[in-house]
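Nothing fancy with the numbering, it's 1 onward along the sequence.
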Amino acid sequence: MRRHARRGEAGREVSGPSVPSEKGAEVGRRIGVGLMYGLWKPRVLGAWKVPVSGPVIFAVNHSHNIDGPMVMGVAPRPTHFLIKKEAFIGPLDPFLLGIGQVKVDRDTTDRTAITQALGVLDNGGCLGIFPEGTRGEGDFAALRAGLAYFAVRGGAPIVPVAVLGSSDRPGRLVKGLPPLRSRVDVVFGDPFEAGDGSGRRTRKALDEATERIQKQLTAHLQNARRLTGRR
């Protein structure tokens with residue numbers, strides 16, 4: 001893992017939080033491929049739109065716990081998701097960290113998580129974000145400002161991602177999961193820039209970027225529903 005360095009007292013170099021491993025994220029992607037295609041029937045549309053290199057952010061709607069693993073398994077690039085710290089319990093803690101995921105404390109301004117996420121983008125990696133902040137209707141109705149900040153600060157295009165069918169109905173064997181071998185659609189949209197080209201990072205600029213992002217994500221979700229025949 002690489003480390004970001006900063007200057008401390010007397011100009012001494014101080015190591016910052018380690019950047020999540022891209023090799024680890026690739027291992028996570030391969031695990032996701034096996035699990036997602038083994039348990040369900042993903043239908044992936046628009047994956048060719050994802051930039052093949054350079055920093056990029058996946059903005060994913062969130063209505064079910066499998067949405068993140070599903071995107072990890074079907075995306076053409078290894079993905080580092082921002083994941084709430086409550087998910088890092090027991091053996092899941094070293095596992096999620098080992099596959100390059102980013103632990104976030106949502107109750108505070110988590111400087112470590114911010115530094116790690118920006119490190120992913122600085123290294124030309126793929127950062128996955130649930131812009132709604134928490135699981136809900138998955139309709140992009142309410143976005144937090146974090147996505148705009150990372151997009152503008154990291155200079156990364158946003159690729160909207162719609163996961164549809166994961167929360168339609170519970171499975172018979174495991175109520176908390178979609179029915180086994182059911183179809184889940186994942187639709188990748190066209191990359192777009194969140195900023196206005198000025199490079200401004202003021203609160204007003206980020207608020208305006210968030211409004212632009214919400215319009216783009218909402219339009220993508222509507223298009224994804226039309227393409228897949230889902231409502």
Asker: Measure across Phe192 and Pro160 and return the closest heavy-atom pair with its distance rounded to 0.1 Å.
Answerer: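 Heavy atoms only, the tightest pair is CE2-CD, 3.9 Å.
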
Asker: Decide yes or no on side-chain contact (heavy atoms from CB on, under 4.5 Å) for Val161 and Asp67, but give the supporting numbers first.
Answerer: CA-CA 10 Å; Val161 185; Asp67 295 338; over 6 Å; no

Asker: Say whether Val71 and Leu45 are linked into one hydrophobic cluster, either directly or through other cluster members, by side-chain heavy-atom distances under 4.5 angstrom.
Answerer: no

Asker: Can you tell me how far the CD atom of Gln101 sits from the CD1 atom of Ile83, to the nearest 0.5 Å?
Answerer: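 Gln101 CD to Ile83 CD1: 4.5 Å, rounded to 0.5 Å.
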
Asker: Would Leu206 and Phe150 show up in the same hydrophobic cluster when neighbours are defined by side-chain heavy atoms closer than 4.5 Å?
Answerer: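 In one cluster: yes.
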
Asker: How close do Ile158 and Ala59 get, heavy atom to heavy atom, and via which atoms?
Answerer: CG2-CB, 3.8 Å

Asker: Going through the checks in order, is the side-chain contact (heavy atoms from CB on, under 4.5 Å) test met by Leu127 and Leu118?
Answerer: CA-CA 9 Å; Leu127 185 67; Leu118 290 175; over 6 Å; no

Asker: According to a 4.5 Å side-chain heavy-atom criterion applied to Ile, Leu, Val, Met, Phe, Trp and Tyr, with indirect links allowed, do Val50 and Val186 form part of one hydrophobic cluster?
Answerer: yes

Asker: Hey, quick one: are Met70 and Phe95 part of the same hydrophobic cluster, counting side-chain heavy atoms closer than 4.5 Å, chains of contacts allowed?
Answerer: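 Cluster IDs for Met70 and Phe95 match.
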
Asker: For the CZ atom on Arg181, are there more than 12 heavy atoms of other groups (residues, nucleotides or ligands in this structure) within a distance under 6.0 Å?
Answerer: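 Enclosed: over 12 neighbouring heavy atoms sit under 6.0 Å from CZ of Arg181.
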
Asker: Is there a chain of hydrophobic side chains (I, L, V, M, F, W, Y, each step under 4.5 Å between heavy atoms) that links Val56 to Phe188?
Answerer: yes

Asker: Could you walk me through whether Leu217 and Leu147 pass the side-chain contact (heavy atoms from CB on, under 4.5 Å) test, one step at a time?
Answerer: CA-CA 12 Å; Leu217 298 186; Leu147 174 55; 4.3 Å; yes

Asker: Evaluate whether atom CZ of Arg43 has more than 12 neighbouring non-hydrogen atoms of other residues, nucleotides or ligands under 6.0 angstrom away.
Answerer: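 For Arg43, atom CZ is crowded (more than 12 foreign heavy atoms under 6.0 Å).
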
Asker: For residues 23-37, which side-chain donor-acceptor pairs fall under 3.5 Å, sequence neighbours excluded?
Answerer:
residue	atom	partner	partner atom	Å
Glu26	OE1	Arg29	NE	3.1
Glu26	OE2	Arg29	NE	3.4
Glu26	OE2	Arg29	NH2	3.0
Glu26	OE2	Arg30	NE	3.0

Asker: Could you pull out the closest heavy-atom pair between Ser63 and Ser166, with the gap in Å?
Answerer: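 So the minimum-distance heavy-atom pair works out to OG-OG, 3.7 Å.
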
Asker: I need the minimum non-hydrogen distance between Gln116 and Val102, along with the two atoms involved.
Answerer: OE1-CG1, 3.7 Å

Asker: For Asp93 and Lys103, what are the C-alpha separation, side-chain angles and deciding distance, and is it a salt bridge (charged side-chain N to carboxylate O under 4.0 Å, His left out)?
Answerer: CA-CA 9 Å; Asp93 183 47; Lys103 183 192 298 187; 3.1 Å; yes

Asker: What distance separates Leu82 CG from Phe130 CZ, expressed to the nearest 0.5 Å?
Answerer: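 So the CG of Leu82 and the CZ of Phe130 are separated by 9.5 Å.
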
Asker: Whether the side chain of His64 engages the backbone of Val163 through a donor-acceptor N/O pair (distance < 3.5 Å, no angle test) should be reported.
Answerer: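 The answer is no, because no donor-acceptor pair under 3.5 Å joins these two groups.
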
Asker: Search all heavy atoms of Ala194 against all heavy atoms of Ala151 and return the closest pair with its distance.
Answerer: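 Ala194 and Ala151 have their closest heavy atoms at CB-CB, 3.8 Å.
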
Asker: Under a 4.5 Å cut-off applied to non-hydrogen side-chain atoms, are Leu96 and Phe81 in contact?
Answerer: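 No, too far: nothing below the 4.5 Å cut-off.
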
Asker: Show the nearest heavy-atom pair for residues Ala113 and Val104, with the distance to one decimal.
Answerer: CB-CG2, 3.9 Å

Asker: Within this structure, what is the NE2-CG distance for the pair His80 and Asn123, rounded to the nearest 0.5 Å?
Answerer: 8.5 Å

Asker: When you measure from the side chain of Arg230 to the backbone N and O of Ala224, does any donor-acceptor pair fall under 3.5 Å?
Answerer: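 Such a contact is absent between Arg230 side chain and Ala224 backbone.
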
Asker: Calculate, to the nearest 0.5 Å, the distance between atoms CD and CZ belonging to Glu208 and Arg203 respectively.
Answerer: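 Nearest 0.5 Å value for the CD-CZ distance: 13.0 Å.
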
Asker: Should we count NZ of Lys215 as having more than 12 external heavy atoms under 6.0 Å?
Answerer: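 For Lys215, atom NZ is not crowded (no more than 12 foreign heavy atoms under 6.0 Å).
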
Asker: As an exercise, state the distance from CG of Asp185 to CZ of Arg225, rounded to the nearest 0.5 Å.
Answerer: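 Those atoms lie 12.0 Å apart.
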
Asker: Output the distance between atom CG (Leu177) and atom CG (Asn65), rounded to the nearest 0.5 Å.
Answerer: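 Going from CG on Leu177 over to CG on Asn65, the span is 8.5 Å.
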
Asker: The test is side-chain contact (heavy atoms from CB on, under 4.5 Å); show your working for Ile114 and Arg153 and say whether it passes.
Answerer: CA-CA 11 Å; Ile114 291 172; Arg153 171 67 177 78; over 6 Å; no

Asker: Between Trp40 (side chain only) and Pro178 (backbone N and O only), is there a donor and an acceptor less than 3.5 Å apart?
Answerer: yes

